[in-house]
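The structure appears below as structure tokens.
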Amino acid sequence: MARRFNVHMKKKKYGKRQRNKVAMQQSKIKFQIKQAKQHVVNLSMKTLTDNEYLLLSKGLKFIPAPALKGAKNDLMRDFNEFARKLRCKFLFYSKNENIHPFRENSKYEPHYSCDALENYIFQTKHELSSMQPRRFRDNLKPGERSSISSLLRDKSILIKKADKSNNVVVLDKEYLLIRSLSAITIASLHKS
């Protein structure tokens with residue numbers, strides 16, 4: 001009888017601890033959202049979600065950790081472009097032409113340059129393809145990561161740093177456009 005009673009008491013204590021843990025996490029999140037809303041000033045008509053407030057409160061210089069998905073493909077694509085530029089430099093090094101600053105970059109792909117350069121390109125490409133990207137801890141929650149894309153897609157708002165404080169301000173583009181047009185018309189009236 002005593003063993004059965006102890007098992008039930010342990011289950012009750014464990015359940016109580018779990019409920020307390022969940023309550024603590026929820027109160028912590030509410031506190032974080034309250035703090036975030038103090039650092040983000042929303043002057044737009046759009047209502048921001050809690051995840052958007054948390055993301056914007058990190059500041060405009062915050063850098064999210066890059067996604068590992070497709071990192072190896074990006075690395076190989078960048079290296080192929082680097083190899084193309086190396087071959088072009090080798091083939092066209094002696095030509096000193098005055099290049100126009102607005103000239104479009106060519107997509108010329110030289111096939112062969114010299115043995116030493118091709119050897120270097122092959123060895124480096126082989127080493128890069130055998131490398132495995134390191135795993136690292138994501139510095140954003142999944143909700144915050146999705147709010148990045150929603151804020152980027154919304155073309156009706158502007159996100160700027162406040163003039164006097166370290167706050168982030170969310171403005172409507174229409175309001176800013178109307179304000180700048182009225183300032184231009186007032187300036188033109190004063191001239192005449």
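- Screening L171, D172, N42, L43 against I157 for a side-chain contact (heavy atoms from CB on, under 4.5 Å) leaves a single residue, D172.
- Here the side chains of L60 and K160 are not in contact, with every heavy-atom distance at 4.5 Å or above.
- By the criterion of side-chain heavy atoms lying less than 4.5 angstrom apart, applied directly or through intervening Ile, Leu, Val, Met, Phe, Trp or Tyr residues, I29 is not grouped with V40; the two fall into different hydrophobic clusters.
- Nearest heavy-atom pair across Q35 and H39 is O-CD2, 3.1 Å.
- Linking Ile, Leu, Val, Met, Phe, Trp and Tyr whenever their side-chain heavy atoms come within less than 4.5 Å puts L117 and L128 in one cluster.
- Listed by first and then second residue, the side chain to side chain donor-acceptor pair (under 3.5 Å) pairs that reach into residues 59-76 are D74-R77, sequence neighbours excluded.
- Between the side chains of S150 and E52, a donor-acceptor pair is found at a separation under 3.5 Å.
- Side-chain atoms of R84 come within 3.5 Å of backbone atoms of Y108 as a donor-acceptor pair (strictly under, hydrogens ignored).
- Cluster membership check: I159 does not share its hydrophobic cluster with L54, using side-chain heavy-atom separations under 4.5 Å among Ile, Leu, Val, Met, Phe, Trp and Tyr.
- Classification of the F79-F82 ring pair by plane angle, with boundaries at 30° and 60°, yields tilted.
- Linking Ile, Leu, Val, Met, Phe, Trp and Tyr whenever their side-chain heavy atoms come within less than 4.5 Å leaves L151 and V41 in two separate clusters.
- Counting only distance, with no hydrogens or angles, the side chain of N139 and the backbone of A65 share a donor-acceptor pair below 3.5 Å.
- No single ILVMFWY cluster, assembled from side-chain heavy atoms under 4.5 Å apart, contains both M45 and Y53.
- With sequence neighbours excluded, the residues satisfying salt bridge (Lys or Arg N to Asp or Glu O under 4.0 Å) with D154 are K46.
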